[in-house]
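So the structure is just underneath, and the comments pick up after that.
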Amino acid sequence: MHSHSVRTIGITTGGGDCPGLNAVIRAVVRSAIRCHGWRVLGIRDGFDGLLHPEQSRWLSLDDVRDILPRGGTILGTTNRGNPFEYRVEENGIEVVRDLSDRVIENARMLGLDALVVVGGDGTQRIGLRLHDKGLPVVGVPKTIDNDLAATDSTFGFDSALHVATDAVDRLHTTAESHRRIMLLEVMGRDAGWIALHAGIAGGAHAILLPEIPFSLDRLCDFITRRDAKQKNYTLIVVAEGVRLPDELRAASAKHKTPVANLIGDAIAARTRREVRVTVLGHTQRGGSPSPFDRVLSTRFGVAAVELLARDQFGYMAALRGCEVVPVSLREACSTMKFVDPQSDLVRAARTIGISFGDSP
Ligand code: F6P
């Protein structure tokens, strides 16, 4: 099946990296070349690469050999390169400029018939705006945060979850040996998906999420009651985007302290117990993709090329149930996905005794 209009495609990876990006690049290159005989241009560093088109390079089958299990992205990425609000220095002063026309011109100059945009919500929104300006775009949803509503899962999430769950497992043994209160801060931006899943998977005792406001009194009561039952260690998974109680919010605004440190200090002051905090950070974004993410990335990459072959531009590949389906980029960019406090997942966690720091 050969499309009549698409012959040369570009691919770019934007926003924060995550495991599985290279697997998508490999799938796109392999299906574009093997099934359609197209040429694939690798655009460097997200949309920045279309401001510096000389850095682009053709991707051959050889270029994508052995990259399936490799973390990061062979194309580089940035989470600062929005061409509609680009920071440039003029006469020693930083100003914000709309360089999107230049991006479109460069894409034409490079001979691109379409662009595969691999990224999270910010990157897909930029892709949609470029599509609206005349550059045919197809999206592939990426982020460890899993906060894109249009897809049941983004690739990267499962790999991040493995790292976070492993950390909870490891903290268990040391927390128990020392009878300490241990906090683990995980990523996820404004969504609590990594914290919720890793907390349940790792058998944490409490999970603090952006979607469920907690109180220090209730959390400390929970810890004290565990102590009274001789369960004298407590493991708490904290989402980085958790909403802090008023008494901690001022401190958080003043210093850029990780939220888990602020919560840990407050718990130590109230319970007079030994507290330790681990901030997992970018280990969640690095390293090899999980088997699930390798498969999902491959399916997404192939689906993106199928969309291009059907001239179905302005769409993103999405996982719905067991199927990968097209979803319009406009729909995909319209809503984010957050943890529903009434969901069966949260109810299941509560039922087995996990505290969200919100109830006695
Ligand atoms: O969106 C992915 C993510 O890792 C978030 O979970 C986190 O808040 C953010 O990116 C970190 O960004 P940076 O790599 O710029 O520190």
Side-chain angles (χ1 to χ4, degrees), residues 12-24 44-48 71-73 75-82 85-87 117-127 139-151 153-168 183-199 201 207-211 237-244 252-253 255-263 277-290 293 296-297 300 316 332-333 335-339:
T12 197
T13 53
D17 72 338
C18 78
L21 285 165
N22 285 326
V24 174
R44 282 210 60 88
D45 298 340
F47 300 102
D48 268 14
T73 160
L75 296 176
T77 188
T78 172
N79 51 13
R80 288 184 230 298
N82 180 355
E85 288 162 31
Y86 206 78
R87 289 176 192 284
V117 169
V118 190
D121 65 309
T123 307
Q124 298 303 340
R125 272 193 202 104
I126 298 168
V140 174
K142 162 241 73 165
T143 169
I144 63 164
D145 304 332
N146 202 28
D147 56 359
L148 286 177
T151 180
S153 192
T154 49
F155 74 85
F157 172 63
D158 186 66
S159 306
L161 195 55
H162 274 70
V163 175
T165 303
D166 180 57
V168 184
L183 287 85
L184 173 72
E185 180 176 316
V186 297
M187 283 186 166
R189 228 170 26 166
D190 301 322
W193 296 111
I194 299 178
L196 178 59
H197 282 259
I207 305 174
L208 304 180
L209 301 178
E211 295 88 347
V237 178
V238 182
E240 64 173 351
V242 70
R243 268 186 278 163
L244 289 172
S252 142
H255 317 284
K256 281 205 139 188
T257 317
V259 285
N261 282 326
L262 297 172
I263 299 168
V277 175
T278 304
V279 179
L280 205 50
H282 290 79
T283 56
Q284 294 157 97
R285 291 234 308 256
S288 194
S290 66
D293 278 339
L296 187 60
S297 301
F300 279 162
M316 186 185 86
C333 293
T335 40
M336 303 295 287
K337 183 174 63 188
F338 298 104
V339 173

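Numbering starts at 1 and runs along the sequence shown. Counting starts at 1 for both ligands and their atoms, following the listed order. Here the structure is a predicted model, which means the values were calculated and not measured.
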Problem - salt bridge (Lys or Arg N to Asp or Glu O under 4.0 Å) partners for Arg243, two or more places apart - result: none

Practice task
Write down, by chain and number, every protein residue that brings a non-hydrogen atom to less than 4.0 Å from an atom of ligand 1.
Solution key: Asn79, Ile144, Asp145, Met187, Gly188, Arg189, Glu240, His282, Arg285

Problem - Residue of the set Leu280, Val237, Val186 for which side-chain contact (heavy atoms from CB on, under 4.5 Å) holds with Val168 - result: Val237

Exercise for the section: Sequence neighbours left out, what passes salt bridge (Lys or Arg N to Asp or Glu O under 4.0 Å) with Arg44? Give chain and number order. Expected result: none

Practice task
Under the ring-ring contact (aromatic ring centres under 6.0 Å, His included) rule, collect the residues that match up with Phe157, sequence neighbours excluded.
Solution key: His197

Handout entry: For Phe155 against Pro19, the heavy-atom pair lying closest together
Key = CD1-O, 3.4 Å

Practice task
Please tell me if the side chains of Phe300 and Pro141 come closer than 4.5 Å, counting only heavy atoms from C-beta onward.
Solution key: yes

